[in-house]
> 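I have a structure I would like to understand better, so I am pasting it below and will then ask my questions one at a time.
Numbers here are sequence positions counted from 1.
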Amino acid sequence: MTEFGFGWLTPVLSYVMACVGAALGLRCMVRALATTGRSRRNWLINGAVAIGTGIWTMHFIAMLGFHVTGTDVRYDVPLTVLSLVVAIVVVGIGVFAVGYSRSKVLAVLVGGLISGVGVAAMHYVGMAAMRLSGMVSYAPGVVTLSVVIAVAAATAALWATLNIRGSLAAFGASLVMGVAVSAMHYTGMAAVSVHLHDVDVPVVGASPMQFIFPLTVLLGSYLFLTSAFVAISPNASRKPDSADAGEASENPAEPTAGRI
């Protein structure tokens with residue numbers, strides 16, 4: 001059993017995707033906290049989708065390198081899609097808690113706990129979708145450690161949304177968050193043991209190249225394209241200022257109108 005079926009390609013690429021998702025989600029959260037109303041809600045949704053998609057893509061790119069000698073590895077399609085939905089929904093709970101809660105400290109702690117447990121749930125739902133000719137078991141202590149890492153990573157991500165503003169700081173935070181997400185994944189995989197069946201049992205399900213690879217490419221493209229769009233879009237917090245400046249330049253005498 002190995003996580004490095006393609007060498008270091010899948011660990012490095014999965015880490016990059018985790019960083020891209022974290023950076024995009026962080027940027028969306030900064031935009032959300034600078035706005036109100038529908039605009040805030042839309043940015044929060046985008047942030048949840050970005051972070052959740054980045055975590056899910058990281059997990060399954062890493063799983064492309066998971067090989068077990070003596071059996072094929074397949075995936076149950078509905079359960080795999082469910083793991084993506086779980087990732088986005090639970091991250092969304094944490095993101096909206098930070099976006100709308102009056103107590104930011106409480107929001108980060110509660111949102112980090114919920115999101116972290118949800119991210120761990122995404123990982124293990126994704127693992128439950130795996131099909132092979134054998135039994136998969138887990139070491140409870142290592143599983144617990146992976147959940148703790150997931151909670152710490154989610155809490156750090158939510159804290160960063162409230163405290164990171166500069167581009168350089170945001171870039172550094174996304175690198176750290178990528179490390180945390182990757183650490184959670186590989187810690188969870190360290191808990192895995194596979195016991196093969198004595199007889200050759202056909203493995204039912206979609207192969208990684210039939211389903212996982214095309215989906216990760218699609219979601220990865222979404223993350224990169226959305227990142228480019230957010231990077232070039234104007235900062236929402238500056239729009240009122242520029243609008244006011246435009247009105248003032250068009251009506252320079254207006255402020256003195258009516259004065260005696």
Side-chain angles (χ1 to χ4, degrees), residues 1-15 17-18 52-91 113-154 179-219:
M1 184 177 69
T2 179
E3 282 283 316
F4 304 98
F6 295 104
W8 286 98
L9 176 62
T10 50
V12 171
L13 186 57
S14 63
Y15 170 71
M17 296 312 302
T53 299
I55 293 171
W56 187 94
T57 305
M58 177 273 146
H59 169 80
F60 278 100
I61 287 179
M63 291 304 295
L64 290 174
F66 181 71
H67 293 171
V68 180
T69 302
T71 179
D72 294 326
V73 177
R74 299 286 187 267
Y75 291 91
D76 180 272
V77 173
L79 270 181
T80 303
V81 174
L82 176 62
S83 67
L84 173 60
V85 174
V86 168
I88 293 173
V89 169
V90 296
V91 169
L113 176 62
I114 295 173
S115 297
V117 172
V119 167
M122 177 280 300
H123 174 88
Y124 291 105
V125 170
M127 292 299 295
M130 187 172 62
R131 301 287 182 262
L132 46 77
S133 182
M135 296 286 293
V136 178
S137 59
Y138 299 90
V142 183
V143 169
T144 301
L145 177 59
S146 70
V147 175
V148 171
I149 294 174
V151 171
V179 170
V181 172
S182 298
M184 180 269 158
H185 171 83
Y186 286 104
T187 300
M189 294 307 297
V192 175
S193 296
V194 177
H195 308 277
L196 297 181
H197 295 310
D198 293 332
V199 295
D200 187 15
V201 179
V203 182
V204 179
S207 71
M209 292 303 171
Q210 288 175 331
F211 175 63
I212 300 299
F213 181 72
L215 188 56
T216 53
V217 169
L218 178 64
L219 294 177

> Go through the structure and list residues passing ring pair (Phe, Tyr, Trp, His ring centres under 6.0 Å) with Y138, not counting sequence neighbours.
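Y138: ring pair (Phe, Tyr, Trp, His ring centres under 6.0 Å) contacts with Y124.
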> Show the nearest heavy-atom pair for residues P11 and S14, with the distance to one decimal.
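Taking every non-hydrogen atom into account, O-OG, 2.8 Å.
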> So L64 and L9, do their side chains get closer than 4.5 Å, heavy atoms only?
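Answer no - side chains too far apart.
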> At their closest point, which heavy atom of A87 faces which heavy atom of G52, and how far apart are they?
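So the two residues come closest at CB-O, 3.7 Å.
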> Are any side-chain N or O atoms of S182 and backbone N or O atoms of V179, one a donor and one an acceptor, separated by less than 3.5 Å?
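Flag not set: sc S182 to bb V179 has no pair under 3.5 Å.
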> What's the shortest heavy-atom distance between A121 and V86, and which atoms?
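Here A121 and V86 meet closest at CB-CG1, 4.4 Å.
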> Shortest non-hydrogen contact from G126 to F60?
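Looking at all heavy atoms of both residues, the shortest contact is CA-CZ, 3.8 Å.
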> Check side chain to side chain contact (heavy atoms under 4.5 Å, CB included) between V77 and all other residues, then give those that pass, not counting sequence neighbours.
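Side chain to side chain contact (heavy atoms under 4.5 Å, CB included) check on V77 returns V81, A206, F211.
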> So with a 6.0 Å cut-off around CE of M135, is the heavy-atom count from everything else above 12?
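12 or below, so no.
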> In the structure I gave you, are the side-chain heavy atoms of L219 and L84 within less than 4.5 Å of one another anywhere?
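A side-chain contact exists here, since the closest heavy-atom pair is under 4.5 Å.
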> Check side chain to side chain contact (heavy atoms under 4.5 Å, CB included) between L145 and all other residues, then give those that pass, not counting sequence neighbours.
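Testing L145 for side chain to side chain contact (heavy atoms under 4.5 Å, CB included), a comparison that skips the adjacent residues, returns I149, T187.
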> Find the distance between CG (L215) and OG1 (T80) and round it off to the nearest 0.5 Å.
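Output value for this atom pair is 8.5 Å.
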> Would you say the side-chain atoms of S115 pair up with the backbone N or O of V90, donor to acceptor, closer than 3.5 Å?
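Present.
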> Please report the interatomic distance CG(L132) to CZ(F66), rounded to the nearest 0.5 Å.
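Rounded to the nearest 0.5 Å, the CG-CZ separation comes to 6.5 Å.
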> Quick one: pull up OG1 in T53 and CE in M17 and give me the separation to the nearest 0.5 Å.
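So the OG1 of T53 and the CE of M17 are separated by 9.5 Å.
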> Can you tell me how far the CE atom of M122 sits from the CE atom of M127, to the nearest 0.5 Å?
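The CE atom of M127 is 11.5 Å from CE of M122, to the nearest 0.5 Å.
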> Dump the intermediate steps for side-chain contact (heavy atoms from CB on, under 4.5 Å) on V68 and L196, then the final yes or no.
CA-CA 9 Å; V68 180; L196 297 181; 4.1 Å; yes
> Enumerate the residue pairs fulfilling side-chain hydrogen bond (donor to acceptor under 3.5 Å, both in side chains) with a member in residues 55-77, sequence neighbours excluded, ordered by first and then second residue.
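side-chain hydrogen bond (donor to acceptor under 3.5 Å, both in side chains) check on residues 55-77 returns W56-S83, H59-H123, H59-H185.
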> Which heavy atom of P214 sits nearest to which heavy atom of P208, and what is that distance?
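Smallest interatomic distance, heavy atoms only, reads CD-O, 4.2 Å.
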> Could I get the full list of side chain to side chain contact (heavy atoms under 4.5 Å, CB included) partners for A139, not counting sequence neighbours?
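Residues passing side chain to side chain contact (heavy atoms under 4.5 Å, CB included) with A139: V142, A191.
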> Are any of the side-chain heavy atoms of S137 and H195 separated by less than 4.5 Å?
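Answer yes - side chains close enough.
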> Starting from the C-alpha separation in whole Å, work towards a yes-or-no answer on side-chain contact (heavy atoms from CB on, under 4.5 Å) for I212 and M63.
CA-CA 9 Å; I212 300 299; M63 291 304 295; 5.8 Å; no
> Which heavy atom in G134 sits nearest to a heavy atom in H197, and how many Å separate them?
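Here G134 and H197 meet closest at N-CD2, 3.3 Å.
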> With heavy-atom distances below 4.5 Å as the criterion, would you say the side chains of V73 and V203 are in contact?
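Result no, sub-4.5 Å side-chain heavy-atom pair not found.
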> I'd like to check the ring pair (Phe, Tyr, Trp, His ring centres under 6.0 Å) partners of F213; sequence neighbours left out, ordered by chain and number.
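Testing F213 for ring pair (Phe, Tyr, Trp, His ring centres under 6.0 Å), a comparison that skips the adjacent residues, returns none.
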